[in-house]
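Just below is one structure, and these are the notes that go with it.
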Amino acid sequence: MEQVMFAHQKTMQAVLSLVIGILVGPGFLLFSYSFKSVPGWYPVFFALAGSFLAYGAIFWNIGRMKRPLKWGSFLFSLVLSVIVTFALKGPQQHLAHQPFLINCLIYLATIVFLLFAMLLAVKILYSLTESRAEGDVPRRHILYFSILPLLISLLYFWAFYPGILMADSVNQWQQAHSTFYNDWHPAVMTWLIKFTAHIWDTPASYVIFQFILTALITGYVFYVFEKLRIKKPVLWLGYAFFCFLPLIPLYSVVIWKDTLFSYFLLAFTVMLIQIIDSNGKWLRSFSHLLFLYLSVCGVIFYRHNGWPVLLATIVIFLFFLRKRYLYMYGVFALAVITFLIVTGPVYKHYKVLPADETESYSILYQQIGRIVKENGHITPAQRAVINQVMPIPDWRKYYQPTDVDRIKFTPHFDRAYIKSHKKAFFSTWFALCRQNPKLALEAFYDQEKLSWKLYISGEELRRPIFRNKDFEKYRPVYFMTQKNVQKYHVHYKWFYYKDYGSDLANTKLSSRITQINQTFSQGMLRVLMMPAFYLYLILLFLFTAILKGNWRFVLAAVPMFLNLGSMFAAIPAQDIRYFFPNFLLAVPFFFLATLTSRKRDSHG
């Protein structure tokens, strides 16, 4: 009798889940696409997916989660579902003429679909534990885990030989072949390019150094989590993501600061996880301290926002990690001293031109540009200041909601005036925002879209998701005023790919890679290339870790969140590369979400 009742109950649950799925699945699809614009099996697939998610979220009893934790996971998932729903919102032209009630139901279906997905994900992660396997993991596993990423990078290297350069990297390559250095792009990276060019005078030398280092860091990350006894299927899932998400191997052969900065931040984060997990015991090894120092130096020297990220990290950590973590603070102090010496006496000795401070005012320029273009309220005195920075007609002409470069690199844009009249510039900006709050907020929203939106059209995302060798030659790039070019007698040569053996590149392979990249650049797969997708996953993973009692691991995410905060405050352009750490750090935080509760350090 009990078996019959149990079978009847399961049938009813399945039927109810199917009904819910039929309601929310196609509604989720309609949020972004009309049924006419997608293949006929899409609505059926999403109905079945909705049914599966509903059944798992409502009826699966896994993980033995206590009632307060269930309510906590429900509230968190609900809030995150609403945020993600609005992050997914696109133009929705197919809904423009639908009744208000229909639109409300579609929004509700989308929120519920996402809610079920997040609740089920939390349930599964909460139920996962580490492996029971005993024994040490040999260090040679670092090399084993490095092999596949290295081989894939070699394929990309062959396809795009001698590497992919942008205007930024052309400038650094030109600096590396001169005696004049400009810290617009980190001078330490330029010196590394110069060092590798002395060994072999081609961009390929730096690219080889870069992808070997990224492969070794990847190997180290998976070696660490194998030591933490992450279950093999979970470990290999993360490894497959690292190896086969197209953006990751592509970035290993692009010469720009963001690749190695992101990997240094990854290494730093994984080391913090070990420090926290061991209650500071990990710090007792000299080799560990050395590698921690090198990763921190990589963070602070490879991107200008790395320095304030470190300082803020130290301040925050002092509230939570104290007695047993003194060696960590010693490493931080040494990194601070190193930074001050390098950017002080060393930069002075080599006469490094400081980075232009006005580069971090991008959001301010966009807000002023929006207010001018939309004929906002501007007083005559404010108009005079704005006109000094750049003629009013040019503000209207060059303002573009998601591309501040059109303003910053206009010949009539006067950075020198901003530097010499900071008080007038900032007071004018502040007054304009106060007088035109709606326009100022709209400009901020448009400039920050990439940090939280899951839908950004190709027109809004001014730079392509995947980069390629877009030129055969490139003019001299200075990233300084013409006045400084003449003052310091700087003269760079044109960059020609053919001078460095670009004819050796496998064009068939690069065409195939480009085709794969295009698949991820459009349609539903495009969301996997949005940095915000991984930010929301990381939030879900960290929340699950907190549910399991591992709240201290959240401290390991502090540098990542500070990096995101610095981008949020002063993003220089709409470019996915600035958020590349999101892609890499999603994996270690995914692993953390599968660990059971760790012992706490009661001594600080």
Side-chain angles (χ1 to χ4, degrees), residues 130-131 133-159 161 163 192 195-196 199-200 204-254 259-275 277-278 282-299 302 556 580-581 583-592 594-595:
E130 54 266 62
S131 170
E134 298 292 339
D136 291 333
V137 178
R139 288 188 178 179
R140 64 177 178 271
H141 282 207
I142 296 175
L143 296 178
Y144 294 164
F145 282 120
S146 301
I147 291 173
L148 186 55
L150 184 61
L151 291 175
I152 295 173
S153 290
L154 280 169
L155 280 177
Y156 276 73
F157 181 51
W158 187 20
Y161 186 86
L192 271 173
F195 174 75
T196 56
I199 298 172
W200 183 24
S205 59
Y206 180 81
V207 172
I208 292 170
F209 161 75
Q210 178 172 270
F211 68 65
I212 289 175
L213 185 54
T214 60
L216 288 173
I217 292 174
T218 300
Y220 174 74
V221 168
F222 287 92
Y223 159 76
V224 166
F225 283 101
E226 187 181 20
K227 282 181 65 178
L228 291 176
R229 297 187 290 125
I230 297 297
K231 285 185 174 178
K232 295 293 183 182
V234 175
L235 194 72
W236 289 116
L237 179 62
Y239 190 64
F241 172 85
F242 249 79
C243 293
F244 299 115
L245 186 78
L247 200 69
I248 294 177
L250 180 69
Y251 272 33
S252 72
V253 297
V254 180
T259 298
L260 283 186
F261 170 83
S262 300
Y263 275 91
F264 285 131
L265 185 59
L266 171 66
F268 182 32
T269 301
V270 171
M271 290 177 195
L272 289 176
I273 288 170
Q274 294 175 91
I275 292 168
D277 183 62
S278 67
W282 186 87
L283 295 164
R284 296 176 183 176
S285 164
F286 175 78
S287 61
H288 290 171
L289 295 176
L290 175 62
F291 289 129
L292 177 63
Y293 169 75
L294 292 175
S295 69
V296 173
C297 284
V299 170
Y302 249 76
F580 186 50
F583 294 82
L584 303 181
L585 290 168
V587 172
F589 292 127
F590 166 55
F591 291 158
L592 284 184
T594 69
L595 296 176

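- Going from atom CZ of Phe583 over to atom CG of Leu245 covers 7.0 Å, rounded to the nearest 0.5 Å.
- Here the side chains of Tyr251 and Thr214 are not in contact, with every heavy-atom distance at 4.5 Å or above.
- One distance of note links OG of Ser153 with CG of Leu155; it measures 9.0 Å at 0.5 Å rounding.
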All N/O donor-acceptor pairs, side-chain side in residues 140-151, below 3.5 Å, sequence neighbours left out:
from	atom 1	to	atom 2	distance (Å)
Arg140	NE	Tyr144	OH	3.2
His141	ND1	Glu226	OE1	2.8
His141	ND1	Glu226	OE2	3.4
Ser146	OG	Ile142	O	2.6
Ser146	OG	Ala215	O	3.0

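- Judged by distance alone, with hydrogens and angles left aside, the side-chain atoms of Arg229 form a donor-acceptor pair with the main-chain N or O of Ser131 at under 3.5 Å.
- No side-chain heavy atom of Ser205 sits less than 4.5 Å from a side-chain heavy atom of Ile199.
- Nearest heavy atom pair, residue Val253 against residue Val207, reads CA-CG1, 3.8 Å.
- Under the side-chain contact (heavy atoms from CB on, under 4.5 Å) test applied with Leu584, the options Leu265, Thr269, Ile248, Thr218 reduce to a single match, Ile248.
- Atom-to-atom distance recorded for Leu283:CG and Gln274:CD is 10.0 Å, nearest 0.5 angstrom.
- Leu292 has its side chain within reach of Ile275: a pair of non-hydrogen atoms, C-beta onward, lies under 4.5 Å apart.
- Tyr220 is listed as a side-chain neighbour of Val224, based on a closest heavy-atom distance under 4.5 Å.
- Inter-residue side-chain proximity for Leu260 and Gln210 is flagged as met; some heavy-atom pair is nearer than 4.5 Å.
- Annotation: side chain of Tyr302 is not in contact with side chain of Thr259 (no heavy-atom distance under 4.5 Å).
- Considering Val270, Val587, Thr594 as possible partners of Phe225, the one that fulfils the side-chain contact (heavy atoms from CB on, under 4.5 Å) test is Val270.
- Side-chain contact between Trp200 and Ile208: present, with at least one pair of heavy atoms (C-beta onward) separated by less than 4.5 Å.
- Other residues, nucleotides and ligands place no more than 12 heavy atoms under 6.0 Å from the CZ atom of Phe291.
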Go through the steps to decide whether Val296 and Tyr293 satisfy the test side-chain contact (heavy atoms from CB on, under 4.5 Å), and finish with yes or no.
CA-CA 5 Å; Val296 173; Tyr293 169 75; 5.9 Å; no
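- Residues Met271 and Ser295 meet the side-chain proximity criterion, which asks for heavy atoms closer than 4.5 Å.
- Ring centers of Phe268 and Phe264: at least 6.0 Å apart, outside the cut-off.
- Nearest heavy atoms, Ser252 versus Phe211: O-CB, 3.7 Å.
- Residue Phe242 is tested with Phe590, Trp236, Phe222 for a ring pair (Phe, Tyr, Trp, His ring centres under 6.0 Å); the sole match is Phe222.
- Between Tyr223 and Pro138, the shortest heavy-atom distance links the atoms CE1-O, 3.5 Å.
- Nearest heavy-atom pair, Ala204 versus Phe157, reported as atom, atom and distance to 0.1 Å: CB-CZ, 3.6 Å.
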